[in-house]
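Have a look at the structure below before the remarks.
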Amino acid sequence: MTKLGSNESRDCFTSKFGIICAAAGSAIGLGNIWRFPYVAGESGGGAFLLIYFGFILLLGIPVMMSEFIIGRRGQRNALGSFKQLAPGKPWYLVGVMGIIAAFMILAFYSTIAGWTIHYVIQSFANSFAGKGPGEIAEFFASFQKQTFLPVMWQLIFMAMTVWIIISGVKKGIEKYAKVLMPFLVLMLIIMAVRSVTLEGSKDGLLFLFKPDFSAVDSSVLLAALGQAFFSLSIGMGALITYGSYIQKHNNLGNISVEVSLADTIIAILAGVAIFPAVFAFGLDPDEGFGLIFTVLPNIFQQMPGGYFFSIIFFILLTIAALTSSISILEVVVAYLTEELKLKRRKATIMAGIAAGFVGIFCTLSFGLLKDVTLGNFNIFGILDFTASNLLLPLGGLLIVIFVGWYMKKSDVKDEVSNKATIKMRLFDLVMFILKFIAPVAIAIVLFDSLGVI
Ligand code: TRP
């Protein structure tokens with residue numbers, strides 16, 4: 001990002017490719033490789049996947065586009081953009097909600113990212129060598145419930161996120177990300193090939209691709225909706241913030257489609273890498289948060305050069321997590337600097353410390369604090385469910401209502417067509433989705449599963 005002459009105070013992405021990299025960097029992360037398989041596994045596989053696709057297409061892309069529209073038109077952070085576009089109205093509360101969601105997501109995200117860094121080190125140390133599926137599962141179980149080590153890695157991850165934002169290497173990271181992400185894709189393809197060629201893997205493919213709608217209930221719908229929003233980074237203003245850095249001549253519709261497509265392809269690849277292996281090794285697709293950490297080391301054990309693949313894979317996953325976590329922290333930092341006029345450095349450190357503090361409780365909720373629960377959820381589960389399945393869809397709902405009903409249609413058209421310089425053949429369809437289909441669908445899924453309707 002470099003300064004743009006016409007608007008001195010704001011950073012701007014210099015090229016369309018730069019925006020795609022930053023937005024895809026935000027979208028692609030632990031959500032695709034850790035969260036997608038574990039949620040799909042808990043939600044029954046095939047039918048979940050189909051519903052997930054439907055939500056990406058019908059709800060995800062329109063919400064993403066709406067966030068870009070709000071951000072680029074408002075030219076401020078998530079909260080400020082609403083204030084700018086709807087002065088004196090309570091719409092800015094959507095931004096407030098987003099900031100709360102950002103803290104929650106950052107907290108549990110850093111727990112998992114911390115586990116990922118631990119697996120980088122363990123891969124170097126060749127700790128999984130000669131271990132079978134049972135021992136690998138035990139290894140994970142005993143690591144997860146420790147106190148010091150997981151908290152240390154979690155805080156290191158948070159410190160890296162803070163450092164990237166204040167040191168100005170963010171631009172550099174995005175440049176690296178565009179070189180490294182294709183490698184991540186390549187690694188996933190190699191792992192997927194190994195996974196599907198394992199003996200007994202066929203059931204995994206059937207699990208992932210053969211829909212069984214008999215198990216679909218409102219909680220599966222909500223899980224798919226939450227996962228779609230989480231994976232695309234939408235519903236809390238991260239892409240409003242990024243939208244405000246997009247130049248006026250870039251095509252918001254195209255960007256939304258391209259980023260969503262890339263994100264979805266990576267999630268499917270992760271699914272194809274994981275589920276065949278789950279069945280081949282006799283593991284349980286329904287095992288929850290730890291799924292990839294108990295499955296992946298088994299795949300590497302069965303691969304020539306697995307030692308190196310394992311190291312490289314977990315490093316790439318850590319980098320993917322960083323390009324996502326900076327986009328989450330950026331929401332809070334942009335708010336603190338633009339609305340509360342804090343210095344960028346101070347704002348970033350403060351937000352990082354606060355999120356790191358909450359993160360400690362998340363990390364410990366697998367060990368020391370595992371008895372602190374609400375229903376079936378530990379602290380980690382409470383934050384994940386509340387942020388991903390409740391706050392993001394609610395935020396998304398309000399965002400599409402804002403663009404579909406509150407903003408003037410001519411303003412929306414002006415923004416998506418770059419002042420009528422690009423043809424918008426599908427504009428009326430997009431407007432129809434934003435006005436009717438998206439809000440109704442999100443509301444039904446959200447309120448139905450909460451028992452409100
Ligand atoms: N989408 C990211 C992932 O899949 C996580 C993420 C980044 C996110 N920014 C977000 C999730 C904003 C929700 C909202 O890993």
Side-chain angles (χ1 to χ4, degrees), residues 21-40 52 55-56 59-60 63-64 66-68 71 77-78 94-95 97-116 157-158 161 164-165 170 173-174 177 181 184 188 225-243 256 259-271 289 292 316-335 351 355 383-396 398-399:
C21 288
S26 167
I28 297 163
L30 295 171
N32 309 61
I33 290 162
W34 156 73
R35 201 174 187 281
F36 173 78
Y38 111 66
V39 177
Y52 177 76
F55 284 170
I56 294 274
L59 309 176
V63 175
M64 186 181 287
S66 301
E67 288 207 21
F68 286 148
N77 58 84
V94 180
M97 213 171 71
I99 289 164
I100 296 170
F103 270 111
M104 298 171 97
I105 294 175
L106 205 52
F108 72 78
Y109 207 78
S110 61
T111 298
I112 306 298
W115 294 355
T116 308
F157 177 80
M158 192 62 89
T161 305
I164 289 170
I165 292 190
K170 208 171 128 205
I173 291 285
E174 271 149 15
M181 287 309 108
L184 184 67
L188 283 170
L225 186 68
Q227 177 57 27
F229 278 49
F230 186 91
S231 194
L232 295 179
S233 300
I234 53 180
M236 56 157 251
L239 299 185
I240 293 182
T241 313
Y242 275 21
S256 308
V259 171
S260 302
L261 192 69
D263 188 73
T264 306
I265 291 173
I266 295 200
I268 297 170
L269 276 177
F289 304 127
I292 66 162
L316 290 174
L317 186 55
T318 306
I319 295 170
L322 278 169
T323 57
S324 299
S325 65
I326 54 180
S327 79
I328 309 174
L329 190 58
E330 182 73 28
V331 170
V332 184
V333 172
Y335 163 72
L383 288 181
D384 184 9
F385 184 85
T386 311
S388 314
N389 291 5
L390 303 181
L391 294 182
L392 295 184
L394 188 59
L398 294 169
I399 285 166

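As the structure lists them, so they are numbered: ligands from 1, and atoms in each ligand from 1. Just so you know, these numbers use all the heavy atoms, side chains as well, and skip hydrogens, waters and symmetry mates. Every value quoted in this text rests on a predicted model; they were computed, and no experiment measured them.
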Is the Phe289 ring parallel, tilted or perpendicular to the Tyr38 ring (thresholds 30°, 60°)? perpendicular

Describe, in one word, how the ring planes of Tyr52 and Phe36 are oriented to each other, choosing from parallel (under 30°), tilted (30 to 60°) and perpendicular (over 60°). tilted

State which residue, out of Ser26, Ser233, Ser231, fulfils the side chain to side chain donor-acceptor pair (under 3.5 Å) condition with Asp263. Ser231

Answer yes or no: is there a side-chain heavy-atom contact under 4.5 Å between Ile164 and Leu329? no

Give the intermediate values and the outcome of side chain to side chain contact (heavy atoms under 4.5 Å, CB included) for residues Leu188 and Ile33. CA-CA 9 Å; Leu188 283 170; Ile33 290 162; 4.1 Å; yes

Which one of Val94, Leu394, Ile234, Leu239 satisfies the side chain to side chain contact (heavy atoms under 4.5 Å, CB included) criterion with Ile399? Val94

Inventory of protein N or O atoms under 3.5 Å from ligand 1 N or O:
residue  : atom   : partner : partner atom : Å
ligand 1 : 1 (N)  : Ser26   : O            : 3.3
ligand 1 : 1 (N)  : Ala27   : O            : 3.1
ligand 1 : 1 (N)  : Phe230  : O            : 2.7
ligand 1 : 1 (N)  : Ser231  : O            : 3.1
ligand 1 : 1 (N)  : Ser233  : OG           : 2.9
ligand 1 : 4 (O)  : Ala27   : O            : 2.8
ligand 1 : 4 (O)  : Gly31   : N            : 3.2
ligand 1 : 4 (O)  : Asn32   : OD1          : 3.4
ligand 1 : 9 (N)  : Ser233  : OG           : 3.2
ligand 1 : 9 (N)  : Ser327  : OG           : 3.1
ligand 1 : 15 (O) : Leu30   : N            : 3.1
ligand 1 : 15 (O) : Gly31   : N            : 2.8
ligand 1 : 15 (O) : Tyr109  : OH           : 2.5

